[in-house]
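Data block below; observations after.
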Amino acid sequence: MARPLVAEINLAALRHNYQLALSQSATSSALAVVKANAYGHGAVKVAKTLADLAPAFAVASIEEANELVTAGITQPITLLEGFFDASELPTIFANSYQPLIHNHWQVTELIHYLAEHPQAKASLSLWLKVDTGMHRLGFSPEQTADIYTQLKDLAAIKEITLTSHFACADDLTSQATNQQLKLLTDLQKQLACPISIANSPATLGWPASQTGYLRPGIMLYGASPFAPGHLLGDQLQTVMTLKSQLISVRDLPAGEPVGYGARFVTQKPTRIGVVACGYGDGYPRQAIDGTPALVKGIKCQLAGRVSMDMLTLDLTNCPNAQVGDEVILWGENLSVNEVASYCDTISYTLLTCLLPRVKRQYINDVSEE
Ligand SMILES: Cc1ncc(COP(=O)(O)O)c(C=O)c1O
């Protein structure tokens, strides 16, 4: 039998979540963000599963876009960091990728490239990033109209979408989101062009921002950006369930250490279960004692440091657990958000850090393969 650790990925839930995003779009337009291997879920499978629903996809690099194209994806693909070097421009033009332009050096390189390649297809759609307050990428609102005009004047440029990214949309009390939105929509009125700003928290929680092309990422994968109790966040369905099995069970008397560094010491006679899953799979080593996992559906607690290939659970809540019993590390009935909260991190990192050696097992597959 193979190592029992698998990430079961429910593709029907993925489609449900995408449709929830789409239902929030005033213009029925939502790019599916599938960068970082679709947040660990497998970019090709995710894109194929959404291919009949999503008008476009967004990734972080040409390599990620090429992977989709090679697999037969024909939708437009936005490169969310644009190009990193002018040598990527021929591939961008050849595939009609939509690069995001966020810096003066990219404008210079693009103009230079087009001057040297006047035969370049007159069909490049690109995204122009405005720094509306996050101060990560983009031109200031004051610079944007000028850059927009320079780009629009190039014969090869077909369409320019103004875009920006929210810094605090997961905080429904923050003032920053409306300020960022106003800066972008003011520019849109001035330049009369399409826009895109809403990520998952905005799609679910900021109706005013549900304009232009939505860019949902994490919500597609079933992790709500909000605490339980949020109307739409609670409608998301779990996509990934990381599951394994107990490979050893032992009874220890009180006062015995468990695992590296003897971080956990039994306070009473305790049954300890060893699970085939560790940081070598992407399970976070910073998980503290008490981090939940489900054994036969019953919540048990991490006891001791996570090792490379294994972790140890206190089976007090599930005294009849045996070798071979199923353990859910996160997923159905144990949200990845809850696990992340014990690991000083967020769902995004748990999902994207799941390593290739964890087999992805797809269920409810509607794609052709
Ligand atoms: C530019 C951009 N747009 C959209 C997204 C999707 O964000 P989320 O996963 O919060 O929906 C990201 C994610 O990092 C991003 O960087």
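Hydrogens, waters and symmetry mates are skipped; everything else that's a heavy atom, side chains included, is used. Numbering of ligands and ligand atoms starts at 1, following listing order.
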Open item on the list: Quick test: of every protein heavy atom, which one is nearest to atom 11 (O) of ligand 1, and how far off is it to 0.1 Å?
Closed with: S200 OG, 2.5 Å
Open item on the list: Below 3.5 Å, N or O to N or O, backbone or side chain included: is there any such pair between K35 and ligand 1?
Closed with: yes
Open item on the list: Does the residue H102 have a heavy-atom contact with ligand 1, meaning some pair of atoms that are separated by less than 4.0 Å?
Closed with: no
- [ ] Please confirm whether the backbone N or O of V130 pairs with a side-chain atom of S164, one donor and one acceptor, at under 3.5 Å?
- [x] yes
TODO: Could you tell me the residue and atom name of the protein heavy atom closest to atom 10 (O) of ligand 1, and the distance to it rounded to 0.1 Å?
DONE: Y348 OH, 2.6 Å
Open item on the list: Would I218 count as a polar contact of ligand 1, with the cut-off being nitrogen or oxygen pairs under 3.5 Å?
Closed with: yes
Task: Basic-acidic side-chain contact under 4.0 Å: D131, R136 - done: no
Open item on the list: Rounded at 0.5 Å granularity, tell me how far CG in L14 sits from NE2 in H41.
Closed with: 7.5 Å
Open item on the list: Any non-hydrogen side-chain atom of H104 less than 4.5 Å from a side-chain atom of Q143?
Closed with: yes
- [ ] Could you check atom 9 (O) of ligand 1 against the protein and tell me its nearest heavy-atom contact, residue, atom and distance included?
- [x] Y39 OH, 2.6 Å
Task: Flag if over 12 foreign heavy atoms under 6.0 Å of NZ, K182 - done: no
Open item on the list: At less than 4.0 angstrom from any non-hydrogen atom of R136, what atoms of ligand 1 do you find?
Closed with: 16 (O)
- [ ] Could you tell me whether K35 and E64 make a salt bridge, using a distance below 4.0 angstrom between a side-chain N and a carboxylate O?
- [x] no
Open item on the list: Tell me the protein heavy atom at minimum distance from atom 2 (C) of ligand 1, and give that distance in Å.
Closed with: H165 CE1, 3.4 Å
Task: Heavy atom of the protein closest to atom 3 (N) of ligand 1 (residue, atom name, distance) - done: R215 NE, 2.8 Å
Task: ligand 1 N/O within reach of P201 N/O, cut-off under 3.5 Å - done: no
TODO: Output yes when K48 and D365 qualify as a salt bridge under the 4.0 Å nitrogen-oxygen rule, no when they do not.
DONE: no
